[in-house]
Amino acid sequence: MRALTYHGDETVRLERVDDPTITDPGDAIVRVDLCAVCGSDLHVYHGRERGLDHGCVMGHEFVGEVVALGSSPGSLSEGDRVLSPFTTSCGDCSPCRSGLTSRCVRGELFGWVQGGHGLHGGQAEYVRVPLAASTLLAIPEGVGDDAALLLGDVFSTGWFCAEQSGLEPGDVCVVVGCGPVGLCAVMAAVEMKAGRVFALDRVPERLALARQFGAEPLDVERDDPLEAVREASDGLGAAAVLEVVGNAAAHRTAMDLVRPGGVLSVVGVHTEDDFAFSPAEAYDKNLTYRVGRCPARRLAAQLLPRVQRRDFDFGAILSHRLPLEQGVDAYRIFDKKLDGCIKVSLIP
Ligand SMILES: [Zn+2]
Ligand SMILES: [Zn+2]
């Protein structure tokens with residue numbers, strides 16, 4: 001099959017690799033109909049996250065059809081249209097049972113093979129899914145591939161970020177970063193009836209989309225977010241700050257904008273060693289800090305009925321669609337935000 005594979009910094013190749021096969025009774029093979037490049041793929045691409053074997057198939061966002069199953073398929077059948085969270089999960093361990101499926105004791109991240117162990121990714125024609133019965137979700141009628149694809153990571157992650165902020169109706173909320181996850185966090189905060197939602201970025205087309213989704217855009221190059229947020233909150237700051245970027249500058253900004261007693265909710269994948277604020281600052285704000293990888297299996301299951309009922313504009317987020325053959329270009333376009341790119345999906 002054809003797949004996009006990792007070969008060191010800023011080097012992804014379209015290669016022919018062996019088709020995946022069933023190696024465990026709980027496996028499924030999924031024929032990928034649509035996959036996507038994620039901001040966290042860029043961490044690997046730029047070497048901010050290291051360790052991947054050369055030749056590892058990239059990607060952890062995909063939807064498709066089950067074409068083969070091991071001897072323990074659970075309720076799955078060949079021919080099922082399925083979405084997948086970006087990690088596998090057993091559904092049975094203590095983290096899974098408490099809803100933290102992203103920390104399943106048997107879970108693995110797609111697109112991460114290191115030292116010969118791990119899971120190949122979904123930027124390919126086929127992908128092997130272990131623990132398939134408790135990982136994959138059947139896609140119900142009325143949910144399109146775009147929605148299903150984003151439920152596997154980006155929409156679930158944006159929603160999770162808002163959810164763990166404890167946002168209450170009427171609260172002032174700030175979303176730091178208007179990439180795909182940030183835009184989904186805006187959608188979530190609006191759905192949760194935040195009083196005002198501010199959205200920070202520096203890319204005009206991303207700010208325009210944030211406005212379209214119901215936020216008040218603030219251009220960090222031109223506007224003064226601190227002043228705008230203080231003005232909206234009796235000088236106090238935002239009750240909920242959603243940081244989806246994962247770098248020191250975003251972290252610092254988020255801390256500056258949160259009110260005393262507020263919640264800083266972080267889903268950006270941080271790769272730096274230190275916090276951008278001190279323990280004393282956290283103490284002085286009576287800060288609640290919530291951080292971590294979205295349990296996308298739980299969120300996707302929870303959000304499927306909502307996505308079925310309500311027509312979110314996921315097409316605006318998936319701004320570019322290319323054949324898998326142009327996957328190398330897709331990385332470049334997404335990385336450089338060329339041509340107004342918000343997010344790229346690929347058709348194998
Ligand atoms: Zn992702
Ligand atoms: Zn588990």
Side-chain angles (χ1 to χ4, degrees), residues 4 6 12 24 26 32 34-46 48-49 52 56-64 72 74 83-112 119-124 127 129-137 145-161 177 179-185 244-246 266-271 292-301 303 314 317-320 327 330-331 334-335 341-346:
L4 290 175
Y6 171 80
V12 168
D24 185 88
V32 178
L34 192 66
C35 55
V37 186
C38 178
S40 51
D41 295 329
L42 296 181
H43 283 315
V44 171
Y45 184 69
H46 287 298
R48 290 188 293 265
E49 287 189 284
L52 227 62
C56 174
V57 178
M58 297 285 290
H60 55 260
E61 299 180 1
F62 61 93
V63 294
S72 302
L83 72 85
S84 179
F86 55 90
T87 61
T88 59
S89 50
C90 75
D92 197 38
C93 68
S94 169
C96 278
R97 276 187 275 115
S98 72
L100 194 58
T101 54
S102 53
R103 297 296 167 199
C104 173
V105 299
R106 296 169 65 194
E108 295 176 287
L109 174 64
F110 287 99
W112 197 281
L119 272 189
H120 285 292
Q123 289 164 7
V127 59
V129 181
L131 305 171
S134 46
T135 296
L136 298 172
L137 282 162
D145 280 352
D146 286 359
L149 182 68
L150 295 181
L151 275 169
D153 183 354
V154 168
F155 186 61
S156 290
T157 298
W159 193 280
F160 174 66
C161 192
V181 173
L183 290 169
C184 290
V244 303
V245 179
V266 178
V267 297
V269 180
H270 283 268
T271 53
R293 180 193 271 175
C294 168
R297 177 57 164 78
R298 170 170 68 80
L299 269 289
L303 292 172
F314 293 130
I317 290 175
L318 291 167
S319 60
H320 288 58
Y331 268 81
F334 179 55
D335 180 37
C341 182
I342 308 289
K343 188 172 176 74
V344 190
S345 56
L346 296 166

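It should be emphasised that the depicted structure is a prediction, and the values quoted were computed from it without experimental measurement. As the structure lists them, so they are numbered: ligands from 1, and atoms in each ligand from 1.
- Rounded to 10°, the angle formed at the Zn ion (ligand 2) by Cys96 SG and Cys90 SG is 120°.
- For Ser156 against Leu151, the heavy-atom pair with the smallest separation is OG-O, 2.6 Å.
- Rounded to 10°, the angle that SG of Cys104 and SG of Cys93 form at the Zn ion (ligand 2) is 120°.
- Annotation: angle subtended at the Zn ion (ligand 1) by His60 NE2 and Cys38 SG is 110°, to 10°.
- For Ala296 against Phe86, the heavy-atom pair with the smallest separation is CB-CE2, 3.6 Å.
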**Report entry** Chi angles and distances behind the side-chain hydrogen bond (donor to acceptor under 3.5 Å, both in side chains) call for Gln123, Tyr6
**Finding:** CA-CA 11 Å; Gln123 289 164 7; Tyr6 171 80; over 6 Å; no
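- Of all the N, O or S atoms in Glu61, the one closest to the Zn ion (ligand 1) is OE2.
- The side chain to side chain contact (heavy atoms under 4.5 Å, CB included) test with Lys343 is passed by exactly one of Val154, Val37, Val181: Val154.
- When you scan the N, O or S atoms of Asp153 for the one nearest the Zn ion (ligand 1), you land on OD2.
- Residues Ser98 and Pro95 come closest through the heavy atom pair OG-O, 2.9 Å.
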